[in-house]
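Each remark here refers to the structure printed beneath this line.
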Amino acid sequence: MESGKSSVETRESAGRLLPHSCVHCRTPLRISSSRSRPIPRILFPQTSRQAREAYLDGCTIFKELIENYSRQRIWQLIKKHYLDRCDHCRSVRQRFEHVLRSLSRKPFTLTLEACPDARGPEPALLSFAYLDSGNGVQGRRLNAYTYTGDNVEWMLPSIDLEVHSSQTILNVKQWLSNCTCVSSKNGDGPFRPTRIIDLGGEPSSDGFAVKKSEETSVPAYVCLSYCWGDRQSLYCSSRNIDSSGAWNGHISSLPAAFQDTFSIARELGFRYLWIDSLCIVQDDNDDMKREILQMPLIYKNAELTICASSTESCREGFLQSRPDYSEYQIPVKFPDGRGGTVYLDSHKCWLPPATEPLGTRAWAYQERLLSPRLLEYGWRTVRWSCSCCTSYGGHQRLPSLNKDSTAQDGSLNYNLFPTLNPLSVPTFPRSREELFQSWKFIVEEYSTLKLTFADDRLAAIGGVAQELRRLTGIPYLAGLWNYETLPSLLQWRVIAPPSEMHTRPRIDRTPSWSWAGLDNAVSIHCSEEAIPQFRILTASAVGGFGKTAHGSITIHSLARSGRWWCEAGDLRMGTVKSNMRSTKESMDGLVVWPDCADEIVTFVNGAVVALQIDLTFIAVGIANWDRNRVRGLILQKGCSDVHTRVGFFHASLSSVRSWQAFTVEIV
C-alpha cells in the first residue's frame with residue numbers, strides 16, 4: 001500500500017457511518033456571549049412543532065430530543081386543555097390558543113458539562129454534553145469537543161486530525177522535554193541493543209545503516225512497535241550483513257510504516273532507531289533467541305517508542321489525516337458573526353468505532369508495557385503516555401473567566417485521553433503486594449490477543465516477566481509466580497465455550513498447569529483462603545522467558561478420583577456457555593470447565609457428551625463470593641504416576657469435605 005493511503009481510510013470509510021447532518025439541524029445555535037465560560041446551555045431555535053417535524057423527517061438529533069420530550073406530551077396538552085375542559089380556559093378559542101402557545105415553545109437546549117477526572121496525575125476535566133428536552137428528562141451523556149482550528153476552541157477542547165503537522169511535532173517535543181519519569185542513565189552505563197539503525201547526519205539522505213552498537217556512540221534511540229502483516233521484502237538476514245554484522249539500505253525501499261517512523265525520528269532530532277525486522281537476523285535462530293531475551297532492556301531503555309497503532313501492516317503509512325468519527329455536528333454562531341461546530345459522539349474507550357490493529361497483537365502488548373514513553377498514532381489522533389503524563393494532539397487548556405479553574409495559571413485543563421485511548425494497560429507493579437492483581441489483569445488481557453505463531457505465547461510475555469522478576473525478586477513459573485498467591489494463580493479457567501475451544505497443542509510448550517500452554521483466553525480467580533488441607537509441597541520450572549518451559553508442582557489436598565463425574569445425563573451446558581453443570585442432585589452443584597476441546601467432553605449433534613474417563617478432582621481454594629463453594633483442578637493420570645491438568649471445577653464445600661487427602665505431582 002502506498003504511504004499516502006491510510007489504513008484507517010481504506011478499512012473504515014466503507015462501513016463507517018458519517019456524522020448526521022440534515023436541513024433541520026444545520027441552523028446554527030446562537031450563543032449569547034462569546035466570553036462567558038463555561039457555556040452551560042445553548043438554546044435550539046426550533047419550536048416543539050418544528051422539532052417534531054424534523055423528527056418525522058428522520059433527523060437523528062431531534063429524534064433523540066423528541067423521544068426524551070415524550071411523543072405523548074403534545075397529545076397530553078391537547079387532552080388537558082381541550083378535551084378535558086381545563087378550568088383556566090373559558091372558551092374553545094382560549095383552549096386552542098393555549099395549545100398553540102405550548103407548541104410554539106422552544107424548550108430544547110444543548111447542555112455542556114465539565115466533569116472532574118480524578119484518574120490523571122494532575123486535575124483535569126472531562127467534556128460532556130446532553131441533548132436536553134426541557135421537561136426534566138436529560139438525554140444520554142455524549143462526548144463534546146471540536147476540531148483544531150474551529151472557532152469553538154475557546155469553549156471546548158479540540159482534537160487535531162492532522163497527526164503530522166508542525167504543531168504536532170512541537171507538541172511531541174514539548175511532551176518529551178516536560179517528561180520527568182525517564183532517566184537515560186542505567187547503572188554502569190546506558191544499555192544499547194546489539195544492532196542499531198543509523199539514519200546519518202544529513203536529513204535529506206535516503207540511506208540508512210544497520211551497525212553494531214558497540215562500534216558507535218549512541219546517545220539515545222527510538223523503537224517502533226507495529227504490525228508485521230505480510231512477509232517483508234527487506235529485512236536483516238545472514239545474506240545481507242557483512243563480516244562485521246552491519247548492512248546498508250535505502251529508506252525509499254522500506255515499507256511505508258518504516259519510512260514514516262524515520263521521518264518522525266528525524267523531525268524530533270533522533271538519529272538512531274531500533275526496529276526488530278531490521279536489527280535481528282531473521283534467519284538465525286540463535287540470534288533470534290538472544291535478542292528476544294533482550295526485549296525488556298531494548299524497550300525499557302528506549303528514549304521513545306513510536307506505535308503505528310492504526311495500521312494492519314508495515315506496508316501502510318500512519319501519518320495521514322484522520323477521518324471525522326463524530327455522530328452529531330451542531331453548528332453554533334457567536335454574536336460577532338463567527339461560526340463554529342460542536343461535535344458530539346457516544347464512543348467508549350473500550351468500544352471505539354475504529355479498531356486499532358496493533359492493540360490486538362500480543363507482542364505489541366508487551367512492548368507497550370515495557371516502554372517508558374509511548375507516542376501512538378491512533379485511530380483518531382496522536383497520543384502520548386508516560387508515567388507522569390498523558391496527552392494527545394489537540395487543544396486541552398482553555399482560558400477561564402471564573403474561579404473554577406483546574407490549573408495553576410487559572411485556565412481550565414481538559415483531558416479527552418480516556419475517550420481516545422482504546423487500550424487499557426495496567427500500571428507496572430513494583431512490589432509483591434501489587435503483583436497479583438496486575439498480573440491477573442495482564443494475563444486476562446494478553447490471553448485474548450493474536451499471535452502469528454502460537455508457540456510464541458510464552459515468549460511474547462516473557463520480557464514483562466523478566467522485568468517483574470527483577471523488580472520483585474519472586475521466582476517465575478512459566479506464566480505463574482512462586483509466592484503466597486500461587487494457589488490463586490493456579491485457579492485459571494478457559495473462558496471460551498467448549499464448542500469454540502482449541503485442541504491442546506501437539507508440542508507441550510509449558511507444564512499443563514500453566515495457562516500459557518493453551519491457545520484459549522483465560523480468566524484467573526482469586527481465593528483469599530485455601531482449604532485447610534491444601535499444601536504446595538514443591539514448585540519448580542526451567543525456562544519460561546523463551547518459547548518453552550518445563551516443570552512440576554506437587555500438591556497435597558482433598559481429592560476424588562474415578563468416573564463419578566461423567567455418569568450419563570449428568571452434564572448440561574452452563575448458563576454462560578463456557579462450562580458444564582451437573583444436573584444430578586448427588587453432584588451438589590458441580591461445575592466443570594474443560595481446558596481444551598475433546599479431552600474430557602465432546603459434542604454430538606450439538607449436545608455436550610462427557611467422555612467416559614477416570615479423572616482426579618483436587619480442591620484448592622474457597623470462592624470469595626460464596627464461602628460454601630470450593631474451586632479446584634481437574635487432573636488426568638499419566639505414566640509414572642504423574643498427572644496433567646485438563647480442567648477446572650467448582651463444587652460445594654459440603655461435598656468436598658467427604659473427599660480423601662491425596663498427594664499428586666502435576667507436570
Side-chain angles (χ1 to χ4, degrees), residues 4 6 8-9 12-13 16 18-21 25-31 33-39 42 110 112 114 124-129 142-175 260 263-264 267 310 317-345 347 353-354 375-384 390-401 407 409 411-417 419-421:
S6 166
V8 173
E9 293 173 353
E12 305 292 346
S13 59
R16 179 170 58 88
L18 296 176
H20 172 75
S21 179
C25 56
R26 290 192 195 123
T27 304
L29 279 61
R30 292 190 176 275
I31 296 177
S33 171
S34 61
R35 292 298 169 192
S36 59
R37 287 223 9 99
I39 304 293
I42 307 173
L110 174 65
L112 304 180
L125 299 170
L126 299 174
S127 179
F128 297 118
L142 301 168
N143 303 311
Y145 53 91
T146 189
Y147 290 124
T148 301
D150 196 288
N151 289 326
V152 182
E153 268 191 306
W154 69 268
M155 59 177 271
L156 281 177
S158 65
I159 298 171
D160 194 350
L161 299 179
E162 298 295 332
V163 298
H164 189 214
S165 63
S166 56
Q167 183 58 51
T168 302
I169 295 298
L170 287 175
N171 289 341
V172 177
K173 288 181 177 179
Q174 185 176 12
W175 298 331
D260 286 351
S263 175
I264 293 297
E267 290 181 82
S310 60
F318 56 83
L319 297 182
Q320 300 79 10
S321 299
R322 298 310 193 246
D324 175 17
Y325 283 102
S326 66
E327 296 176 14
Y328 299 140
Q329 297 177 351
I330 298 182
V332 296
K333 194 168 185 179
F334 302 108
D336 59 8
R338 293 179 304 122
T341 305
V342 174
Y343 295 86
L344 307 174
D345 68 55
H347 305 324
L375 180 62
E376 302 175 86
Y377 288 83
W379 64 280
R380 200 165 204 177
T381 189
V382 62
R383 303 189 300 266
W384 168 276
T390 59
S391 194
Y392 56 90
H395 191 199
Q396 299 171 251
R397 205 173 290 274
L398 279 60
S400 174
L401 299 181
D409 60 2
S411 62
L412 289 170
N413 182 32
Y414 279 83
N415 182 22
L416 299 182
F417 188 86
T419 66
L420 300 174
N421 182 29

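Both backbone and side-chain heavy atoms feed into the values below; hydrogens, waters and symmetry mates do not. All values derive from a computational prediction rather than experimental measurement. Position 1 is the first residue of the sequence, and the numbers go up from there.
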Who are the side chain to side chain contact (heavy atoms under 4.5 Å, CB included) partners of P331, not counting sequence neighbours?
-> P28
Side chain H164, main chain S263, donor-acceptor under 3.5 Å | no
Minimum heavy-atom distance P157-Y392, with the two atoms named | CB-OH, 4.2 Å
Could you list the residues that satisfy side-chain hydrogen bond (donor to acceptor under 3.5 Å, both in side chains) with T381, not counting sequence neighbours?
-> none
Rounded to the nearest 0.5 Å, what separation is found between the OH atom of Y325 and the CG atom of N143?
-> 15.5 Å
Could I get the full list of ring-ring contact (aromatic ring centres under 6.0 Å, His included) partners for F128, not counting sequence neighbours?
-> none
Which atom of D260 lies closest to which atom of G317, heavy atoms considered | OD2-CA, 3.1 Å
Looking only at heavy atoms, which two atoms of Q320 and V163 are closest? And how far apart?
-> O-CG2, 3.5 Å
Do the non-hydrogen side-chain atoms of I159 and R322 ever get within less than 4.5 Å of each other?
-> no
dist D150:CG -> T341:OG1 (nearest 0.5 Å) comes out at 5.0 Å
Partners of Y343 by ring-ring contact (aromatic ring centres under 6.0 Å, His included), sequence neighbours excluded?
-> Y147
Going from CD1 on I42 to NZ on K333, what distance comes out if it is rounded to the nearest 0.5 angstrom?
-> 15.0 Å
Heavy-atom side-chain proximity of I169 to K173 below 4.5 angstrom | yes
Would a 4.5 Å heavy-atom cut-off, applied to side chains only, mark M155 and L112 as touching?
-> yes
Does N151 reach the main-chain N or O of G339 with its side chain, forming a donor-acceptor pair under 3.5 Å?
-> yes
Report the residues that fulfil side chain to side chain contact (heavy atoms under 4.5 Å, CB included) with S21, sequence neighbours left out, ordered by chain and then residue number.
-> R26
Only one of H395, E153, Q396 forms a side-chain hydrogen bond (donor to acceptor under 3.5 Å, both in side chains) with S158, so which one is it?
-> E153
Only counting residues at least two apart or in another chain, list the ones meeting side-chain hydrogen bond (donor to acceptor under 3.5 Å, both in side chains) with W384.
-> none
Applying side chain to side chain contact (heavy atoms under 4.5 Å, CB included), name anything that partners E162, two or more places apart in sequence or on another chain.
-> D160, S165, S321
Non-hydrogen side-chain atoms of L344 and I330 separated by less than 4.5 Å = yes
Quick one: side-chain hydrogen bond (donor to acceptor under 3.5 Å, both in side chains) partners of Q167, sequence neighbours excluded?
-> N171
Is Y145 close to Y414 at the side-chain level, that is, under 4.5 Å between some pair of heavy atoms?
-> no
Got a second to check how far S310's OG is from Y377's OH, nearest 0.5 Å?
-> 10.5 Å
With the side chain counted from C-beta on, respond yes when L375 and V382 share a heavy-atom pair under 4.5 Å apart, and no when they do not.
-> yes
CG (L170) and CH2 (W175) are apart, to the nearest 0.5 Å, by 11.0 Å
Could you walk me through whether L319 and I264 pass the side chain to side chain contact (heavy atoms under 4.5 Å, CB included) check?
-> CA-CA 9 Å; L319 297 182; I264 293 297; 4.0 Å; yes
List in chain and number order the residues that pass salt bridge (Lys or Arg N to Asp or Glu O under 4.0 Å) with D345, two or more places apart in sequence or in another chain; answer none if no residue qualifies.
-> R380
How many angstroms lie between NE2 in H347 and CG in L142, if you round to the nearest 0.5 Å?
-> 10.0 Å
On a heavy-atom basis, the closest approach of F417 and S391 is CD1-O, 3.3 Å
Hey, is the main chain of A144 close enough, under 3.5 Å, to the side chain of S127 for a donor-acceptor pair?
-> yes
